[in-house]
> 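Supplied in structure tokens, the structure appears directly below.
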Amino acid sequence: MEQGEGGAPEPGAGIPRVDPYGFERPEDFDYVSYEEFFSRYLVILTRRAIKWSKLLKGNNGVQKSLKVKRYIRKGVPNEHRALIWMIVSGAQAKMEQNPGYYNKLLEGEKSDTLMEAIKTDMNRTFPDNVQFRKTADPCLQQTLYNVLVAYGHHNKTVGYCQGMNFIAGYLILITKNEEESFWLLDALIGRILPDYFSPEMMGLKTDQEVLGELVRKKVPAVAELIDRHGVMWTLIVSRWFICLFIDILPVETVLRIWDCLFYEGSKIIFRVALALIKQHQAFILEATNLPDVCDKFKQITRGTFVTECHSFMQKIFTEPGSLSMATVNKLRETCRAKLVAQGSTNNI
């Protein structure tokens, strides 16, 4: 147990300074309320772990079903996370259909420009994570570099762009496996996040506008405020989309979101964004100018609402109301058409 001054235990002494994933807790970390939450959450985790063990021992394994969807929404235990993500995202099937493909990519000819761009971002990736430091043994920087280089050559249209380093880093922390991380990255960038990382980032721009339309429908007062102050959605939410909430929400909460993202697809991102905005509507509406709006959007991603990941995940499925993939795709069509029209007007 850590000792405070005079030999008394520090508050939250039961919670280590480095979390289970290797991230150092920030200076202002609230150990007391986190310990309170975690002791409750531990009970839930234990219960879920027993249920998952039974499910995985069963004959049907993990096939898409209402039961599996319900289980995933309630959280995948960390010891099963890599396996479940691989199966439900289709990454496992892809890996089995392409034996040796990942190693071939690493052994093949490589683009110097791509490798240089990736190398530049290595030290900027999770400086607060002890496993990514050069002094770590093993240091995950080399693993991350390999995954990103392989992916850049696998998907030449995308190559490498900032944001991918954080996503690949999280995948490595969970799978502890280079090849699995590569195939999960492929599932995310190639299938789940349509066109987020292509050079024009059209999918990313489209989805930010889609969120704007959903807010207009579901939280009109906030949409009106955003319009009134002339705030562009990209200014306040682009990192939510491009980093999939990494470094924005607490690690455990991000992983719970990703459990659902791999199973249910990109509409989960909108559910999370809408829940954050709806929950803090009154607070956001206090903003009186553009910097104020930006600041409020930073603040709503902190505090107990997001730390208590189990109740937060329940909220994302109740607060925003119904949200089908069909609705999202319809909005994508109209928003994309609008962006394309604006682009061609700007080019005249």
Side-chain angles (χ1 to χ4, degrees), residues 2 15-27 29 76-86 89 91-92 95 98 100-155 158-189 197 239 242-259 262:
E2 290 168 319
I15 303 288
R17 293 208 179 281
V18 174
D19 77 12
Y21 308 99
F23 290 99
E24 290 176 323
R25 302 194 193 277
E27 288 295 310
F29 187 77
V76 180
N78 213 31
E79 65 265 32
H80 301 309
R81 217 164 227 146
L83 172 71
I84 302 304
W85 286 4
M86 287 293 288
S89 66
Q92 186 70 34
M95 187 169 84
N98 297 280
Y101 177 69
Y102 175 71
N103 287 329
K104 265 196 208 101
L105 287 169
L106 287 179
E107 288 156 11
E109 258 185 71
K110 296 187 190 68
S111 146
D112 291 341
T113 330
L114 178 84
M115 293 195 300
E116 207 43 56
I118 293 169
K119 231 176 228 144
T120 308
D121 273 356
M122 280 302 103
N123 288 329
R124 297 183 200 152
T125 309
F126 304 134
D128 58 339
N129 190 300
V130 296
Q131 300 190 61
F132 281 92
R133 297 215 176 119
K134 284 221 166 78
T135 48
D137 184 27
C139 167
L140 292 182
Q141 278 195 18
Q142 186 57 48
T143 310
L144 177 63
Y145 176 76
N146 288 350
V147 170
L148 292 170
V149 165
Y151 190 78
H153 289 92
H154 161 70
N155 185 343
V158 167
Y160 171 72
C161 98
Q162 282 181 336
M164 285 166 63
N165 51 328
F166 295 109
I167 292 172
Y170 255 51
L171 294 172
I172 289 162
L173 287 171
I174 295 304
T175 62
K176 301 177 175 59
N177 180 302
E178 224 173 274
E179 192 177 0
E180 287 180 6
S181 298
F182 166 81
W183 287 110
L184 283 170
L185 188 64
D186 179 53
L188 280 171
I189 294 174
F197 294 93
R239 283 187 64 240
I242 206 153
C243 293
L244 301 177
F245 300 102
I246 293 172
D247 273 356
I248 289 154
L249 297 177
V251 183
E252 200 57 55
T253 309
V254 174
L255 295 173
R256 287 287 303 267
I257 291 165
W258 284 25
D259 290 343
F262 279 117

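Numbers here simply count residues along the sequence, with the first being 1. The structure displayed is predicted, hence computed values, not measured ones.
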> Taking the side chain as every heavy atom from C-beta outward, state whether L173 and N129 have any atom pair closer than 4.5 Å.
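With C-beta onward as the side chain, the pair touches.
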> Apply side chain to side chain contact (heavy atoms under 4.5 Å, CB included) to F197 and I167, showing your working.
CA-CA 12 Å; F197 294 93; I167 292 172; 3.7 Å; yes
> Heavy-atom distance under 4.5 Å between the side chains of L148 and M122, does that happen here?
yes
> Rounded to the nearest 0.5 Å, what's the gap from CD on E116 to NZ on K119? Could you check?
6.0 Å
> With sequence neighbours excluded, what pairs up with D259 under the salt bridge (charged side-chain N to carboxylate O under 4.0 Å, His left out) test?
R81
> Quick one, D121 and M164 - any side-chain contact, counting heavy atoms below 4.5 Å?
no
> Among F132, F126, F245, which residue satisfies the ring pair (Phe, Tyr, Trp, His ring centres under 6.0 Å) criterion with F166?
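Exactly one candidate clears the test, F126.
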> Show, in sequence, the C-alpha distance, side-chain angles and deciding distance for L244 and W258, and conclude whether the side chain to side chain contact (heavy atoms under 4.5 Å, CB included) test is met.
CA-CA 8 Å; L244 301 177; W258 284 25; 3.4 Å; yes
> Which pair of heavy atoms, one from A136 and one from Q131, lies closest together, and at what distance?
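Minimum heavy-atom separation between A136 and Q131: CB-O, 3.8 Å.
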> Is a side-chain donor or acceptor of W85 paired with a backbone partner of A91 at a separation under 3.5 angstrom?
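No, W85 side chain to A91 backbone: no donor-acceptor pair under 3.5 Å.
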> Any side-chain to backbone donor/acceptor pair from R133 onto P127? Under 3.5 Å, distance only.
yes
> Could you tell me which residues satisfy salt bridge (charged side-chain N to carboxylate O under 4.0 Å, His left out) with R25, sequence neighbours excluded, listed by chain and number?
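Salt bridge (charged side-chain N to carboxylate O under 4.0 Å, His left out) list for R25, sorted by chain: empty.
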> Apply side chain to side chain contact (heavy atoms under 4.5 Å, CB included) to the pair L188 and F262, showing each step before the final yes or no.
CA-CA 8 Å; L188 280 171; F262 279 117; 3.6 Å; yes
> Examine the side chains of Y21 and E252 and answer whether a donor and an acceptor come within less than 3.5 Å of each other.
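Present: a donor and an acceptor within the cut-off.
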> Minimum heavy-atom separation for A168 and V147, please, with both atom names.
CB-CG1, 4.3 Å
> Can R239 and D247 be said to form a side chain to side chain contact (heavy atoms under 4.5 Å, CB included), step by step?
CA-CA 9 Å; R239 283 187 64 240; D247 273 356; 3.8 Å; yes
> To the nearest 0.5 Å, what is the distance between CD1 on I242 and CD1 on I248?
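I242 atom CD1 to I248 atom CD1 measures 10.5 Å (nearest 0.5 Å).
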> Where do L106 and A150 come nearest, in terms of heavy atoms and distance?
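That closest heavy-atom pairing would be CD2-CB, 4.0 Å.
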> Kindly give the heavy-atom pair with the smallest separation between G169 and L144, and that separation in Å.
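What the structure gives for the nearest pair is N-CD1, 3.6 Å.
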> Kindly indicate whether the side chain of L255, heavy atoms from C-beta on, has any atom under 4.5 Å from the side chain of Y170.
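The answer is yes, as the side chains (C-beta and beyond) meet within the 4.5 Å cut-off.
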> Looking at NZ of K110 and CD1 of I118, how far apart are the two atoms once the value is rounded to the nearest 0.5 Å?
10.5 Å
> How far apart are the closest heavy atoms of D19 and V251, and which atoms are they?
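Minimum heavy-atom contact is OD2-CG2, 3.7 Å.
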> Tell me, which pairs form a side-chain hydrogen bond (donor to acceptor under 3.5 Å, both in side chains) where one or both residues lie in residues 141-154, sequence neighbours left out?
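Counting only pairs at least two positions apart or across chains, the side-chain hydrogen bond (donor to acceptor under 3.5 Å, both in side chains) contacts touching residues 141-154 are Y101-H154, N123-Q141, Q142-N146, N146-E178, Y151-N155, H154-D186.
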> What are the two closest non-hydrogen atoms of N165 and G163, and how far apart are they?
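Distance-wise, the nearest heavy atoms are OD1-N, 3.0 Å.
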> Determine whether T125 and L140 make a side-chain contact, defined as any pair of heavy atoms from C-beta on separated by less than 4.5 Å.
no
> Any chance you could measure L249, atom CG, to R256, atom CZ, to the nearest 0.5 Å?
13.0 Å
